[in-house]
Every structure is written in C-alpha cells, then in structure tokens.
Student: 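Starting off with a structure, shown below.
The shown structure was predicted, so the numbers you read here are calculated from the model rather than taken from an experiment. Below, chain A is the first sequence line, B the second, and so on; all start at residue 1.
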Number of protein chains: 4
Amino acid sequence: MIMDVKRTPKGVRTKQRIISSSIELIHGKGIENVTLNDICSASGIAQGTFYHHFKSMDGILLEIIRGEGEEISALMESIEELSASEKLETLLKTLFRYYEQKGKEIVSQLYRLELKPEGGPSIIEEYLPIRPLIDRVIRKGQESGEFSKGESPDFLCSLLTSQIIFQSFLWIRSPCDASFSSFADKAVEPVIKLIKS
Amino acid sequence: MIMDVKRTPKGVRTKQRIISSSIELIHGKGIENVTLNDICSASGIAQGTFYHHFKSMDGILLEIIRGEGEEISALMESIEELSASEKLETLLKTLFRYYEQKGKEIVSQLYRLELKPEGGPSIIEEYLPIRPLIDRVIRKGQESGEFSKGESPDFLCSLLTSQIIFQSFLWIRSPCDASFSSFADKAVEPVIKLIKS
Amino acid sequence: MIMDVKRTPKGVRTKQRIISSSIELIHGKGIENVTLNDICSASGIAQGTFYHHFKSMDGILLEIIRGEGEEISALMESIEELSASEKLETLLKTLFRYYEQKGKEIVSQLYRLELKPEGGPSIIEEYLPIRPLIDRVIRKGQESGEFSKGESPDFLCSLLTSQIIFQSFLWIRSPCDASFSSFADKAVEPVIKLIKS
Amino acid sequence: MIMDVKRTPKGVRTKQRIISSSIELIHGKGIENVTLNDICSASGIAQGTFYHHFKSMDGILLEIIRGEGEEISALMESIEELSASEKLETLLKTLFRYYEQKGKEIVSQLYRLELKPEGGPSIIEEYLPIRPLIDRVIRKGQESGEFSKGESPDFLCSLLTSQIIFQSFLWIRSPCDASFSSFADKAVEPVIKLIKS
DNA sequence: GATGAATGAGATTTCATTCAT
DNA sequence: AATGAATGAAATCTCATTCAT
C-alpha cells in the first residue's frame with residue numbers, strides 16, 4: 001500500500017471513487033454484506049488496485065469513518081470568534097450533517113466497532129470527538145457569562161452528549177427515512193435551553 | 001431434523017449441551033464470531049449432529065441471546081405498590097445490577113446486536129425495556145404529585161434513559177474493573193434531582 | 001479439521017489419496033510449485049475436503065514427512081533381540097529406504113524446514129531421529145562387546161550421522177537418478193568398519 | 001530498463017541502494033521471503049524504479065547472496081608454501097572464521113539455497129568449496145608423507161567435510177550464542193588425529 | 001531517471017450445509 | 001440419534017509486472 005507518498009491526481013480520483021462506491025454499497029446492502037469484489041466491480045477497478053489504495057478491507061472503513069471526522073475538528077478551529085451560542089449551534093449542525101451524510105449504516109458500524117470486545121483505541125474519541133468539542137464550547141460559554149452557571153459544565157456536557165448518542169441510536173433503529181435532525185432536534189432543544197438558561 | 005417428534009432423553013441432553021456451549025461461546029467471542037465449528041467442538045458433537053437438532057444456524061444464536069434479557073421484565077412486575085421515588089430507585093438499582101451481573105461482554109453484545117444492520121425487532125425494546133419502564137414511573141410520579149411537573153415527562157425520561165445508556169457505553173469501554181454503579185451514579189444523580197425537584 | 005476423532009474407512013482412504021497425490025506432485029514439479037488447487041485436482045476432491053483432513057497446507061507437509069518417520073522408531077523397537085551388527089544394518093537400511101521413498105524433493109524440504117530462521121522445534125529430532133537411534137545402537141554394541149571400544153561412542157555416532165546427512169546432501173544435489181544407497185553405501189561402509197573394528 | 005547505456009551518478013547510487021537494501025533484507029528474513037515490495041520500501045523507491053534498474057526479480061537475490069561466498073576462495077590462494085599440517089590448520093581456521101563472520105543466518109541461507117529444488121549450479125561448490133580444498137590438502141599431505149596413508153584420501157576428506165557441515169547444522173539450530181569453533185573443534189579434532197596418524 | 005497507478009491471476013482459507021451410513 | 005465425509009462458493013489478500021507520465 002502507498003504510505004506517505006505523493007499521489008497523482010489520477011490516484012486521488014480513483015481512491016475517491018472507491019470510497020464513494022463503498023459508501024453507496026454499504027448503504028445499499030449493509031456493511032457486512034459488502035465484499036471486496038462488490039467494491040471493485042462498483043468502482044471499476046481490479047482487486048489489486050484496491051490494495052494499492054487501502055491496507056485492507058477494515059482499512060477502508062476506517063478511512064470512511066474518519067473522512068469528515070477530521071473536517072469536524074478543523075471546522076471547529078475556524079469558528080473561534082463566534083459567540084458561544086453560535087458555536088454550539090454550528091457544532092450541532094455540523095455533527096448532525098455528519099451523521100446524515102454517513103447514513104445509518106456507517107454510523108451504526110462506527111458504534112459497533114467502538115463496542116467490539118477487543119477494545120483498541122477508541123475510534124469515536126479519535127475521529128468523532130463529540131464530547132471534547134461540546135465540553136469546550138460549554139466551558140467557554142460559562143466563562144464568558146453567556147451560559148448560565150446553574151449546573152456544572154461536566155453535567156451539562158454529559159447531558160448533551162448522551163442525548164445525541166441516544167437519539168442516534170433511536171434514529172439508526174428507526175425504519176423510516178426521517179433525517180437525523182428530526183430525531184435529535186426535539187430531544188436536544190430542551191437540553192440547550194437548560195444550558196443557556 | 002427433529003420436528004415435533006418424540007425425543008429421547010439422550011437427544012434432549014445433547015440439544016441442551018449444544019445450547020449451553022453456544023451461550024458460553026457467544027459470551028466469549030461475540031455472537032458474530034461464533035461459527036458452527038466452534039459450537040460443535042465446544043459441544044463435542046459432529047457437525048451433522050447440529051443439523052439433527054436445529055434447522056440452521058440462523059436464529060439459534062439470536063434466540064439464545066434474547067433469553068438473556070427476559071428476566072428483567074419479570075423483575076419489575078412486583079413493585080407496583082411502592083411510592084414513585086422508591087419505584088425509581090428500585091428500577092435503577094435493578095437495572096444497574098442487571099448490567100453488573102451480565103458484565104461488559106454481554107451488555108456490549110446486546111448493543112452490537114441492536115445496532116446490527118439487518119434490523120429485526122429491537123431486542124432492547126423487547127427485553128431490556130429501559131425507556132418504557134422509566135417512562136411509566138416518571139408519569140406516575142408526576143400524576144401523584146410526587147415529582148415536579150416543571151419538565152415534560154418525555155424530556156425527563158429521555159434524559160435519564162440516555163444518561164444510563166451513555167454511561168454504560170463509557171463503562172464498557174473503560175479498561176478498569178470499576179462497577180457500573182460507580183460510573184452511572186454520579187451522572188444519574190443530577191438527573192434524578194431534576195426529576196424530583 | 002478433524003482432531004482425535006474416529007475416521008471411517010472412506011475418510012482414511014481419501015486422506016491417503018490426498019497424501020500420495022501430493023507426494024507425486026511434489027516430485028513432479030517441486031514443492032514450492034505445488035498449490036492447493038493442484039492437490040485437489042490430482043486427488044479429485046473439493047478444496048473444502050482438503051481442510052477436512054488437514055489443518056493447512058503446511059500441515060500436510062508435516063504429515064508427509066512424519067509418515068514413516070514414526071514407523072522407523074516403531075521398527076527399532078521390534079529389533080531389540082538382534083545383534084548389534086544386525087541392528088545397525090537394519091537401521092541404516094530402513095533409513096535409506098525412508099530417504100528413497102520420500103525422494104529428493106521431500107528430504108530437501110525437510111532440511112530446508114529444519115534450517116528455517118524461525119527455528120521452532122526440530123522436525124528432524126522429532127520425526128527422523130537419526131542420531132539418537134544410531135547412538136543407542138552403538139552404545140549397546142560397545143557394551144555387549146560386539147563393537148570395538150577404540151573410539152568413544154559419541155565420536156563414532158557423530159561420524160556416522162554426519163556421513164549420512166552429508167551424503168544425503170550430495171544425493172539431493174546430484175542430477176542423476178541414482179538411488180540414495182548408491183551414494184551412501186560407499187561412504188558409510190568405512191565408518192561401519194571403524195565402528196566394528 | 002537500462003541496457004548498456006550511460007548511467008548518471010544518481011542512477012548508479014540508486015541501484016547501489018537497491019542492492020544493499022536487498023542484502024539486508026535477505027539476511028533478515030530469508031531469501032524466499034523477500035518481496036519486491038520489501039525491497040522498494042527498504043530502498044525508498046517506487047516499484048517502477050526497480051524495473052528501471054533490473055530486468056526482473058529473478059536472479060538478483062541469488063546473485064546477491066552468491067557474492068557473499070566469493071571471498072573465501074581468494075583467502076585460500078596464499079597458503080601454498082606451508083606444510084600440510086599448517087595448511088590444514090589454516091584452512092579450518094579460515095573456514096571457521098568465515099562461518100562466524102557470516103553468522104548463523106547467512107550460513108543457513110546458503111544451505112537453504114543449496115537445497116532449493118530448482119537446482120542450478122551449486123553455490124557451495126562454487127563459492128564455499130570446502131571439499132575440494134580439504135581434498136587437496138589431504139592428498140598433498142599423504143604424498144609428502146606428512147599424513148598417514150592408512151585410509152584413502154577420499155574417505156578422510158569425506159569424513160572431515162561431513163563433520164564440518166554436520167556441526168554447522170547443529171550450530172545453526174542451537175539457541176545459544178556459542179561460537180562455531182566451540183561446536184566444531186571437539187568433533188573435528190578426532191578426525192584430524194585420524195588424518196595425521 | 002523516477003514514479004505512482006493499475007493489473008489480474010492465483011493462493012490459502014472459511015464455513016454453512018447436505019448426505020450416506 | 002449421531003457421525004464423519006464431502007462440498008463449493010465466496011472471501012481476503014499477495015505479488016511480480018506493465019504502463020503512462
């Protein structure tokens with residue numbers, strides 16, 4: 001596999017194609033039923049080519065999960081100057097969009113991976129650091145006086161984080177095609193009120 | 001395969017052996033990693049014998065792990081006459097004990113099963129009905145005036161449920177041997193205060 | 001794979017067929033060029049069947065090597081009552097026959113396996129215990145007065161063993177079809193004279 | 001590929017780098033486990049670059065390991081004028097030092113290569129010509145009357161050669177760090193006595 | 001001179017299942 | 001009731017090599 005090497009535009013394009021084909025396949029038939037062969041057929045590449053771009057079948061999954069995970073952190077960097085309220089709102093919006101873009105299949109796979117007996121480093125902690133991000137925003141908000149100090153930041157952070165995760169659980173399980181926002185919003189809103197008030 | 005035919009004691013014993021071996025295996029390596037071969041080796045039977053007792057592998061593992069959850073509902077039948085506060089306390093205590101008795105392995109199994117793409121009926125909803133139970137208790141408490149009506153029962157229920165699930169996540173991932181209570185208590189306590197106040 | 005299980009005559013026959021096909025193939029195209037597919041085609045079995053009888057591709061090689069290796073030891077048991085000279089003769093004859101039956105390919109593979117960097121337990125020590133067997137015979141012969149005590153048994157044993165191994169080296173490398181005996185005899189004979197005299 | 005064309009200094013350097021990386025790899029993991037990918041990673045080149053410098057993988061590894069043996073023949077040129085005993089002693093000393101300098105890894109590589117099914121010209125015969133060298137020394141010694149003529153030179157040569165090879169086998173397999181001399185000396189000494197007397 | 005992209009045949013292994021005994 | 005034999009599709013991964021840039 002290619003390690004830290006220069007990639008040509010062509011290579012980048014191919015890799016992207018593989019990833020998007022894979023995402024589509026995962027949505028279509030469920031992650032456990034997607035085979036290497038499927039991916040290669042869908043991407044129009046040879047199996048060897050797959051291994052030119054990815055370490056293994058597990059590897060691509062991680063790359064998919066990571067994908068915009070990295071962007072989330074990056075995005076948070078650039079909103080430093082906003083007010084705490086706006087930050088919180090942006091964070092949640094970004095998060096929700098992440099969920100929706102990935103889709104139920106991949107989000108559930110993310111959780112399943114996280115819950116695997118073997119353990120290993122937490123994927124969520126690394127690529128989808130919901131809690132630390134929320135924590136920072138709440139603390140800043142309390143410091144600046146924007147958010148109420150009625151409850152400890154730890155508690156509020158726990159409340160919001162757990163609510164998001166729990167709602168994503170329900171969303172994953174729900175048979176309907178409703179967006180994640182439509183699940184999360186109504187549950188998250190009161191928590192936000194609690195944070196602000 | 002054996003249909004509704006007379007079974008010899010020996011047959012019954014063998015079948016039981018298969019089931020209990022399977023349970024052990026599931027706990028040990030996770031339901032998705034248990035193969036027919038594993039089961040047969042563990043049970044000391046030939047592969048053919050398995051098919052003498054079961055139609056296929058599909059289902060038996062699922063059936064087995066479902067059995068694990070049946071107990072809790074029964075446990076909750078008998079607390080009707082208590083006060084809302086006591087009920088809530090008992091419910092949580094029972095729940096926490098359930099988690100601890102089952103252990104991280106099985107609880108994470110349960111979640112992973114729940115998150116499995118194929119769907120199927122929700123195992124948690126059916127066998128570990130945290131939310132409905134909590135919901136009932138909170139509603140009763142508000143009706144009887146014991147609990148504050150400052151927040152909607154839906155919201156409070158969601159808060160508590162999500163907190164428990166989230167904490168169990170953290171507990172499962174934690175490398176230490178701390179009891180589940182030690183995780184959950186400190187996070188749940190403020191929520192309860194919120195419910196009561 | 002079948003572990004310590006009863007095997008039906010049919011199974012035994014199949015397994016034997018696989019082994020002999022494999023030996024033939026190894027002789028024919030060299031051990032590194034024999035694939036699972038080759039073996040299965042030659043034996044007329046499905047690939048799965050191979051794994052019913054053998055743990056892995058490496059596994060069959062070990063079984064092939066072992067094969068009569070076990071018989072050698074067994075055979076030595078049954079000649080206890082012979083004279084030392086006769087024992088020595090029988091031992092060498094058996095050994096030479098072993099080499100010839102296995103053929104150059106397999107014997108060389110045995111050595112190559114033995115010389116592998118990874119180490120692991122000595123295959124030769126375990127399955128083709130030339131040295132211990134020779135050692136015992138020489139000691140017995142000296143004790144009983146049949147063999148001369150002019151040289152230490154250790155030295156004589158080392159002489160004979162090394163000679164056999166060295167000659168097998170030459171034999172393996174030789175392009176002609178000469179039998180191993182024709183190589184070994186002329187080199188071993190003087191050593192035997194030395195032992196006896 | 002580069003044929004007999006002008007090479008730039010950069011090209012020469014790259015080629016040299018490929019070769020030395022390969023040598024290291026061979027020593028490290030055994031010639032048959034070195035892949036093109038290994039070589040390229042180790043050399044820090046792209047796979048295509050390899051084919052810019054070499055026609056194919058076949059041969060280059062072999063060629064490299066052969067280079068290892070070239071030295072010893074040269075070393076033996078200069079002892080013509082010594083007495084037979086001294087020659088023998090020098091020869092053995094040189095040989096033993098050769099083994100020790102190369103180390104177990106390479107010596108076993110050499111043997112394994114020698115035993116490789118494909119055959120090809122004997123590497124040992126060509127580059128580590130133990131037997132011819134010993135043979136010459138013994139014959140000279142018998143001719144000059146220095147060594148006893150009690151046994152045929154062929155037999156004595158075979159005895160000594162096989163002993164050295166056999167002991168090197170044992171040395172390679174031994175897990176301890178003892179020098180090769182400490183293995184060989186005690187086994188070789190009686191043979192030398194036999195040659196001289 | 002050097003590179004990354006792409007190949008595709010081929011290798012080993014897994015596994016749920018059927019069958020004859 | 002129980003068993004070992006046999007299956008064969010399918011899965012993942014390896015690797016030397018060619019090619020366009």
Student: Sort and list the pairs that fulfil salt bridge (Lys or Arg N to Asp or Glu O under 4.0 Å) and have at least one residue in residues 39-48 of chain D, not counting sequence neighbours.
Tutor: none
Student: Among residues at least two apart in sequence or on other chains, which ones pass salt bridge (charged side-chain N to carboxylate O under 4.0 Å, His left out) with A:Lys15?
Tutor: A:Glu63
Student: Check whether any side-chain nitrogen or oxygen of D:His52 sits under 4.0 Å from OP1 or OP2 of E:dA2, and answer yes or no.
Tutor: no
Student: Which pairs pass salt bridge (Lys or Arg N to Asp or Glu O under 4.0 Å) with one or both residues in residues 41-53 of chain B, sequence neighbours excluded?
Tutor: none
Student: Between F:dA11 atom P and A:Asp38 atom CG, what is the distance in whole Å?
Tutor: 7 Å
Student: Measure the distance from CZ on B:Phe54 to C1' on F:dA2 and round it to the nearest whole Å.
Tutor: 14 Å
Student: Go through the structure and list residues passing side-chain contact (heavy atoms from CB on, under 4.5 Å) with D:Glu32, not counting sequence neighbours.
Tutor: C:Arg112, D:Arg112, D:Lys116
Student: Between A:Lys15 and D:Thr14, which is nearer to the 5' end of DNA chain E once each is assigned its nearest nucleotide?
Tutor: D:Thr14
Student: In the 5'-to-3' direction, what one-character label does each nucleotide of nucleotides 14-21 of chain E receive under the scheme B = base within less than 4.0 Å of a protein heavy atom, S = sugar-phosphate only, - = no such atom?
Tutor: BBSBB---
Student: Tell me the interatomic distance from D:Glu32, atom CD, to E:dA11, atom P, rounded to whole angstroms.
Tutor: 17 Å
Student: Looking at residues at least two apart in the chain, or sitting in another chain, which of them share a side-chain hydrogen bond (donor to acceptor under 3.5 Å, both in side chains) with A:Lys29?
Tutor: A:Asp38
Student: May I have the distance from D:Ile18 (atom CD1) to F:dA16 (atom C1'), rounded to whole angstrom?
Tutor: 15 Å
Student: For DNA chain E, what dot-bracket results from Watson-Crick or G-U pairs at under 3.5 Å, with [ ] for crossers and | for inter-strand partners?
Tutor: .||||||||||||||||||||
Student: Are B:His53 and F:dA2 close enough that a side-chain N or O sits under 4.0 Å from OP1 or OP2?
Tutor: yes
Student: Sequence neighbours left out, what passes side-chain contact (heavy atoms from CB on, under 4.5 Å) with A:Ser41? Give chain and number order.
Tutor: A:Asn37
Student: Can you give me the closest heavy-atom contact between D:Met57 and D:Val34, atom names plus distance?
Tutor: CE-O, 4.1 Å
Student: C:Ile45 has an atom CD1; how far is it from atom P of F:dT7, in whole Å?
Tutor: 7 Å
Student: For a quick test of reading the model, state the closest non-hydrogen atom pair linking D:Gln47 to D:Leu36 and the distance between them.
Tutor: NE2-CD2, 3.5 Å
Student: What pairs of donor and acceptor atoms, side-chain ones from residues 17-26 of chain A against any protein atom, are under 3.5 angstrom apart with sequence neighbours left out?
Tutor:
from, atom 1, to, atom 2, distance (Å)
A:Arg17, NH1, A:Ser43, O, 2.5
A:Ser20, OG, A:Gln16, O, 3.2
A:Ser20, OG, A:Arg17, O, 3.2
A:Ser21, OG, A:Arg17, O, 2.9
A:Ser21, OG, A:Ser43, OG, 3.4
A:Ser22, OG, A:Ile18, O, 2.8

Student: Both A:Arg17 and D:Gly44 contact DNA chain E. Which one's nearest nucleotide lies toward the 5' end?
Tutor: D:Gly44
Student: Measure from the side-chain heavy atoms of A:Thr8 and tell me the nearest of F:dT3, F:dA5, E:dA5.
Tutor: E:dA5
Student: Measure NZ/C:Lys10 against C1'/F:dT7 and give the value in whole Å, please.
Tutor: 11 Å
